[in-house]
There are 2 protein chains.
Amino acid sequence: MIDLAAVARIVVDGRKWSVAGRPRIKDVAEYAGVSPKTVSNVINDFEHVSEHTRAAVREAIEALGYRVNIAGRQLRRGRTGMITLAVPELDVAYFAELAKHVMTAADRRGCTVLLHQTGGARERELAALRGFDAQFTDGVVLSPLSLTPRDLATRDTQLPVVLLGERQAPGGADHVGIDNVAAAREATEHLLARGRRRIAVIGGAVRGRQGTDRLRTKGYQSALQAGRFPFDPDLVVPVDAYHWQDGARAAAALLDRRPRPDAFLCLNDHLALGALRALHEAGLRAPEDVDVVGFDDIEASRFSVPSLTTVAPDKPAIADTAVSLLMDRIDRPGADGAADHVVGHRLMVRESTGGRS
Amino acid sequence: MIDLAAVARIVVDGRKWSVAGRPRIKDVAEYAGVSPKTVSNVINDFEHVSEHTRAAVREAIEALGYRVNIAGRQLRRGRTGMITLAVPELDVAYFAELAKHVMTAADRRGCTVLLHQTGGARERELAALRGFDAQFTDGVVLSPLSLTPRDLATRDTQLPVVLLGERQAPGGADHVGIDNVAAAREATEHLLARGRRRIAVIGGAVRGRQGTDRLRTKGYQSALQAGRFPFDPDLVVPVDAYHWQDGARAAAALLDRRPRPDAFLCLNDHLALGALRALHEAGLRAPEDVDVVGFDDIEASRFSVPSLTTVAPDKPAIADTAVSLLMDRIDRPGADGAADHVVGHRLMVRESTGGRS
DNA sequence: CCACGCGATTACATCGATGTAAATACACTG
DNA sequence: CAGTGTATTTACATCGATGTAATCGCGTGG
């Protein structure tokens, strides 16, 4: 095959241009009457460049509409200015909202986000730790579901990683999340305070997953214990996934039990919204018959009928902290041990547990 | 500064490795006892490589855990294997679901998706057309809100682009979408068949935006016209954005009118779900008091209370068609005029207009 | 007046992969 | 066995940007 780049170079306005129609650093250099390196120096704010030359180069850049070729820079520098965000599923609203915040945070720091879905599969999470074959990325923010602490311990430590969700292996990698135990405890205490005594946990301890479910279940137990209420393991029901339908199914099954549970602590909002739906189909209502609480404070929870009481993690803070931790790692590779950041959360009391809005 | 690459090269198992800890094509070549180019030939399935050499190279790749450096390849080939998907907002469920499908479709074709949010701002949509400065991407799938046909006409045609949503400029760029006029007409006819006569359009003709709203409003009018019902422009209410709260606000205002509208045709599901919420707050119910219809068939619409009648576009088909069109453009740059693909849609009748599920 | 120092600029090599063209190996014909 | 043709393999240049080290120019102190 022919060398496209060489052949397709065409002459425009007396100058040569590459195929893509983009001027190269060399073109700018010629236009400005300096060497390519000097142009590079101007671009990268090297200090020893005279004001005069700097102006000339800036003008040339402007005139030609030059932009650095990232592939070239990356090849030379080993950096791309791109980070990867890997979440289980984008159509889980929490992750979509989180992604939005991460992209905003990254934008602010002048870097681009590559988004990946893992589907919660261990294989794909491991791929994320490797940078997805495409080592096009300087670092990874990963929200794992199936990763084991061992996976983390044996990972290639060359690629900076920040984990979201449950803290996996202490010291294994930087981590950002809320205090899930405390959050679940508060939610449970809220239900207990409202007189609920048969509180079911929907989404507790998902099979084969190392998510936040264990921590939240722990917080639930701790609230019961603190109030000297009995813990009934049968009330902790696992689900296959964190979607509406899983919540609806689990709730429907629970509503058939006698005595009937009087509250659902759902480990995310989708499950909770599904549970609301199941209540509706069973001819029951929240909060009159059953209280429902969720986690994540996705936008839908504010507008459902009834609106949903939920634990609101500080999503902007999670995103911001994660990105900033990651950038630190990228800038200083051999830095000291892993950090563990806890961001705030808040229980939003809404109609599904007797709130007003 | 020192040359990191040169200095940090360390010896492992008797071989040299680059800083990133990754073997290069040269390392594989040495290990296999062939030239770098031969390794490249194996990687790229060049036909004239003997079975024997091929096996040896494969083994070397395996043994060293080699992976191609995309920056190097991109620099040489001018291709990244990455495409950009630019949508207004990820936390609008429709776009999140669409993104999921686009990523799946791209994955299937062995390419990676860079995701961008435009916020619907013209500036950022234009940036998308340019490949976001980062010319890291081979092509762009863009779901525009504010772009004018003129923007399209004057765009740099070097970068392949596929548009989603409303067809902008015929011939300006490839386009994929549903037949919005027909879809809105069907939805309206459904409401008319149920005896509704004062059908309000929530989200009609958003200010300064060139979205699908105009087409859908047109379909609404055409249904009225076909049934010889009068068209009342006051029933078409614009919104600021396509979020729950906008739908809730618009619906609340409409419910105060006398005579009260007896149906809401909402131009997306979020607006519709917000409208359901407003009904609830006004002590009214769907479908008893007011019918509600949405667009997009997001997952939430199947689980809301009541569940939402909505127009379901064939999202997998949209994503698949868009990606495949884009890949075609990328493979054959100078190809003929722009294509215009219409994919299917279907009215999902649910509880909010008297359906059963 | 020259050596010296310092800031500004440039030549050159390099990052990793691959297209081109040339070289080599190999088989087969006459 | 020379000659021709085909199948494999390789040398080399190149994509664009930048680190290193060398060079250039100019002012200053001895």
Side-chain angles (χ1 to χ4, degrees), chain A residues 1-9 16-20 22-30 32-57 61 64 66-81 134-136, chain B residues 1-9 16-20 22-30 32-57 61 64 66-81 134-136:
Chain A
M1 200 192 292
I2 51 168
D3 183 339
L4 281 179
V7 170
R9 227 168 267 285
K16 287 175 185 173
W17 296 74
S18 67
V19 200
R22 293 205 166 83
R24 300 151 299 170
I25 203 168
K26 202 172 142 197
D27 300 316
V28 178
E30 273 168 29
V34 298
S35 78
K37 181 69 225 250
T38 299
V39 176
S40 170
N41 286 340
V42 171
I43 294 169
N44 296 290
D45 283 324
F46 179 62
E47 57 180 334
H48 297 307
V49 178
S50 70
E51 225 17 86
H52 176 259
T53 317
R54 193 182 299 272
V57 171
I61 290 177
L64 302 186
Y66 169 79
R67 298 186 174 282
V68 292
N69 176 318
I70 310 206
R73 170 179 285 177
Q74 133 84 338
L75 186 55
R76 181 66 235 213
R77 293 219 276 223
R79 284 267 202 102
T80 59
Q135 58 288 69
F136 238 171
Chain B
M1 201 192 293
I2 52 170
D3 183 340
L4 280 179
V7 170
R9 226 168 268 286
K16 288 174 183 172
W17 296 75
S18 67
V19 201
R22 293 204 167 85
R24 300 151 297 171
I25 203 168
K26 201 171 145 197
D27 301 315
V28 177
E30 271 169 29
V34 298
S35 78
K37 181 69 228 254
T38 298
V39 176
S40 169
N41 285 339
V42 172
I43 294 168
N44 295 290
D45 284 321
F46 179 62
E47 58 180 334
H48 296 308
V49 178
S50 69
E51 233 6 275
H52 176 257
T53 319
R54 195 181 297 272
V57 171
I61 289 176
L64 302 187
Y66 170 79
R67 299 183 174 285
V68 291
N69 177 317
I70 310 208
R73 171 178 283 176
Q74 132 85 340
L75 186 55
R76 179 67 231 208
R77 293 221 274 225
R79 284 268 202 99
T80 59
Q135 58 289 70
F136 241 170

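From a predicted model like this one, the values you see are computed outputs, not experimental measurements. Quick note on labels: first sequence line is chain A, next is B, and so on, each numbered from 1.
Residue B:R24 contributes atom CZ, which lies 6 Å from atom P of C:dC15 at whole-angstrom precision. Per the geometry, CD1 belonging to A:I61 stands 10 Å off P belonging to D:dA17, to the nearest Å. Between the NZ atom of B:K37 and the P atom of C:dA21 there is a distance of 12 Å, rounded to whole Å. Between the NZ atom of B:K26 and the C1' atom of C:dA13 there is a distance of 13 Å, rounded to whole Å. In this entry the distance linking CD1 of B:I25 with P of C:dG19 reads 11 Å, nearest Å. When the C1' atom of D:dT18 is taken as reference, atom CZ of A:F46 falls 12 Å away, rounded to whole Å. We find that CD of B:E47 is positioned 12 Å from C1' of D:dT6, with the value rounded to whole Å. Across the protein-nucleic acid pair, B:R76 atom CZ and D:dA13 atom P stand 13 Å apart, rounded to whole Å.
For B:H52, there are no ring pair (Phe, Tyr, Trp, His ring centres under 6.0 Å) partners at least two apart in sequence or on another chain. For B:A56, the side chain to side chain contact (heavy atoms under 4.5 Å, CB included) test picks out no residue, with sequence neighbours left out.
Atoms CD and CG, from A:E30 and A:L64 in turn, are 10.0 Å apart once rounded to the nearest 0.5 Å. Here the straight-line distance linking atom CD1 of B:I43 with atom OH of B:Y66 works out to 4.0 Å at 0.5 Å rounding. Between the CZ atom of B:R67 and the CD1 atom of B:I25 there is a distance of 14.0 Å, given to the nearest 0.5 Å.
Residue contacts shown for B:S50 are limited to sugar-phosphate atoms, with no base heavy atom under 4.0 Å away. Note on A:N41: a base of the nucleic acid sits closer than 4.0 angstrom, heavy atoms only.
Where B:L75 and B:V34 meet DNA chain D, the nucleotide closest to each residue was compared, and B:V34 sits on the side nearer the 5' end. Summary of the strand contacts: B:G72 and B:V49 both lie near DNA chain D, and taking for each the nucleotide with the nearest heavy atom, the more 5' one is attributed to B:V49.
Between B:S40 and C:dA17 there is no side-chain N or O to OP1 or OP2 distance below 4.0 Å. Proximity of A:T38 to the phosphate of C:dA8: no side-chain N or O atom is located under 4.0 Å from OP1 or OP2. For the OP1/OP2 pair of C:dT18 and a distance below 4.0 Å, the side-chain nitrogens and oxygens of B:N44 include at least one atom meeting the criterion. Note on B:R73: a side-chain N or O is less than 4.0 Å away from OP1 or OP2 of C:dT18.
A donor-acceptor contact shorter than 3.5 Å links the side chain of A:D27 to the backbone of A:R24. The backbone N or O of A:A71 lies less than 3.5 Å from a partner atom in the side chain of A:N69, making a donor-acceptor pair.
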Pairs under 3.5 angstrom, nitrogen or oxygen only, protein versus nucleotides 5-7 of chain C, please.
none

